[in-house]
Amino acid sequence: MIIGNLKSNYAADEAILRSWPLRWGFWAAIAVALIAPQFMSGYQLYLTTQATVYLIALVGLNILTGYTGLVSLGHGAMVGVGAYTTAVLANTYGMPVFVTIPAAMLMTVAVGLLFGLPSLRIKGLYLTIATISASFIIVFVLETWESVTNGDSGITIPPANIFGIEIVSDQQKFYFILPFAIAAILFGQNLFRTRVGRAFIAIRDGELSAEIIGVNLMKYKLYSFAIASALAGLSGALFSYMFLAITPTLFELPISIQLLAALVIGGVASTLGPIFGAAFIVMVPEIVKGVLGLLSGGDMSWAEYTAPASTLVYGMLIIGFMLFESQGLVAIWRRFWRFVNLWPFRP
């Protein structure tokens, strides 16, 4: 039974993984992530890779919404900015991965800061509506700027090439994307040990109080939008290299709703929340697909209802978690491990 964590020096007290279960759990998770793809089917690996891409976007949304308190329904469109920046640079100009990914992040930061400016004057519901408007504007530009984006026809992207190796197979794509996801998680965890991260939390807990103690609201809100947008751009770039073809419809409002739903259900303002949320956002359509298939007796006419049914399920789950488990799946996870740590002394 764990009854405490002795810290004998400052380095131990400041460590991200402060106890041996966390350290062993982290390295065990890395080992599973490296080994499990060897035993997965192609479709399972595809879903896992997709969840890994969404995880990066969710880490950014968690920083913006979970820790800074700025609710955004335009995050999916920001992923689209990163995806299209990568696609245009790779397809039209033949730029390598080492150029397209940083460029996608920078472009998304620029767009994110532009649409983040309203947060300096408005908040709450009005800010949410402003981010929805930003989503519509971005998707409209992607659909109508045909000379660059190819409109509704979309863009195909050549496979990522790293030191002469083309990233084509499902396994290659997963191992290509995994390090970015791990880096995003560690960045998100470490950010809130810094002055910037603490300022984000102060703004979320009370803007007036934060301003009184010296937090520059304008600067730190834009910082939050910039960081969240950079991670959305990274997710979009990897999204392009995963699917190798993108269209504007992939980044419309429903994907932003799905990302927000995944964060709420996974657990806002927590490191594990985006991980649970990423798994959730991928598994819900699969579960809905399976249920509809069983109810229809194998009739394929049900397939067109999968997306609307998934959106309905997202909405119901958000309401359910807000009513009965506002801290999301991560709270259930923590309660389970608290029970394990205290067993058999807990009644």
For this session: Mind running side chain to side chain contact (heavy atoms under 4.5 Å, CB included) on M242 and Y46 for me, showing each step along the way?
Result: CA-CA 9 Å; M242 177 186 171; Y46 162 79; 3.6 Å; yes
Exercise for the section: For side chain to side chain contact (heavy atoms under 4.5 Å, CB included), just list the numbers for I138 and V81, CA-CA rounded to whole Å, side-chain angles, deciding distance to a tenth of an Å, and then say yes or no. Expected result: CA-CA 8 Å; I138 291 171; V81 172; 3.8 Å; yes
Q.
Let's go through V59 and F187 carefully: what are the C-alpha distance in whole Å and the side-chain angles of both, what is the deciding distance for side chain to side chain contact (heavy atoms under 4.5 Å, CB included) to 0.1 Å, and is it a yes or a no?
A. CA-CA 9 Å; V59 172; F187 171 79; 5.6 Å; no
Practice item. Give the C-alpha distance, both sets of side-chain angles, the deciding distance and a yes or no for side chain to side chain contact (heavy atoms under 4.5 Å, CB included) between N91 and I157. Key: CA-CA 5 Å; N91 188 44; I157 303 101; 5.5 Å; no
ring-ring contact (aromatic ring centres under 6.0 Å, His included) evaluation trace for F239 with F251: CA-CA 11 Å; F239 187 97; F251 309 106; 5.4 Å; yes
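Judged as a ring pair (Phe, Tyr, Trp, His ring centres under 6.0 Å), and not counting sequence neighbours, Y84 has no contacts. Taking the side-chain hydrogen bond (donor to acceptor under 3.5 Å, both in side chains) definition, one finds that Q171 meets it with nothing, sequence neighbours left out. Remark: Q258 pairs with no residue by the side-chain hydrogen bond (donor to acceptor under 3.5 Å, both in side chains) rule, at least two apart or across chains.
If you chain together hydrophobic residues whose side chains sit under 4.5 Å apart, V196 and L222 never meet in one group. Cluster membership for Y54 and L244, using ILVMFWY side-chain heavy atoms within less than 4.5 angstrom, is not shared. L64 and V111 fall into different hydrophobic clusters, where Ile, Leu, Val, Met, Phe, Trp and Tyr residues are linked whenever their side-chain heavy atoms come under 4.5 Å apart, directly or through other members. Cluster annotation: I165 and V99 are assigned to distinct hydrophobic clusters (Ile/Leu/Val/Met/Phe/Trp/Tyr, side-chain heavy-atom contacts under 4.5 Å, transitive). Linking ILVMFWY side-chain heavy atoms closer than 4.5 Å, directly or via other members, places M78 and I129 in two distinct hydrophobic clusters.
Contact of the L260 side chain with the V71 side chain is registered, since non-hydrogen atoms from C-beta on lie closer than 4.5 Å. By the 4.5 Å heavy-atom criterion applied to side chains, F180 and T52 are not counted as neighbours. Side-chain contact between Y67 and R204: present, with at least one pair of heavy atoms (C-beta onward) separated by less than 4.5 Å. Annotation: side chain of T85 is not in contact with side chain of T100 (no heavy-atom distance under 4.5 Å). Looking at N161 and P96, their side chains never come closer than 4.5 Å, going by heavy atoms from C-beta outward. Within the 4.5 Å cutoff, the side chain of T49 has no heavy atoms near those of the F176 side chain. With contacts defined as side-chain heavy-atom distances shorter than 4.5 Å, the pair I56/L238 qualifies. Residues Y43 and D170 fail the side-chain proximity criterion, which asks for heavy atoms closer than 4.5 Å.
Nearest heavy-atom pair, A202 versus V215, reported as atom, atom and distance to 0.1 Å: CB-CG2, 4.4 Å. Residues P159 and E166 approach most closely at CG-OE1, 4.3 Å, considering heavy atoms. Here the closest non-hydrogen pair linking A184 and L231 is CB-CD2, 4.2 Å. Considering every non-hydrogen atom in both S229 and G112, the closest pair reads OG-CA, 3.3 Å. Contact detail for I203 and A210: the closest heavy-atom pair is N-CB, 4.0 Å. In this structure, R193 and N190 approach most closely via the heavy-atom pair NE-OD1, 2.6 Å.
Put simply, CE on M95 and CD1 on I101 are 14.5 Å apart, with the number rounded to the nearest 0.5 Å. The distance from the CG atom of L323 to the CD1 atom of I318 is 11.5 Å, given to the nearest 0.5 Å. Here OG1 of T194 is found 7.5 Å from CZ of F200. Values are rounded to the nearest 0.5 Å. To the nearest 0.5 Å, atom CZ of residue R121 and atom CE of residue M218 are 11.5 Å apart. To the nearest 0.5 Å, atoms CD1 (I265) and CG (L317) are separated by 4.5 Å. Atom CD1 in I155 sits 8.5 Å away from atom CG in L142 (nearest 0.5 Å).
The main-chain N or O of A269 is found under 3.5 Å from a side-chain atom of N62 such that the two form a donor-acceptor pair. In terms of modelled atom types and a separation under 3.5 Å, the side chain of T108 and the main chain of A104 share a donor-acceptor contact. Remark: the backbone N or O of S41 is paired with a side-chain donor or acceptor of Q44 at under 3.5 angstrom. No donor-acceptor distance shorter than 3.5 angstrom exists from the side chain of T68 to the backbone of T65, with no hydrogens or angles considered. No donor-acceptor pair under 3.5 Å is formed between the side chain of T92 and the backbone N or O of L89. In this structure, the side chain of Q172 engages the main chain of V168 through a donor-acceptor pair within 3.5 Å. Between the E143 side chain and the F140 main chain, no donor and acceptor come within less than 3.5 Å of each other. Between the side chain of H75 and the backbone N or O of L259, no donor-acceptor pair lies under 3.5 Å. For the pair N150 (side chain) and S153 (backbone), a donor-acceptor distance under 3.5 Å is absent. Judged by distance alone, the side chain of T247 and the main-chain N or O of D152 form no donor-acceptor pair under 3.5 Å.
Sparse packing is recorded around CE of M107, with 12 or fewer heavy atoms of other residues, nucleotides or ligands lying under 6.0 Å away. The number of heavy atoms from other shown groups lying within 6.0 Å of CG (L120) is above 12. Residue Q327 qualifies as open at atom CD: its count of foreign heavy atoms under 6.0 Å is 12 or below.
Aromatic pair F163/F98: centroids less than 6.0 angstrom apart.
Between Y220 and Y223, the ring planes are perpendicular. Angles over 60° get that label, and only those under 30° would be called parallel.
Of the residues listed (L127, I257, L73), the one engaging I132 in a side-chain contact (heavy atoms from CB on, under 4.5 Å) is L73, and it is the only one.
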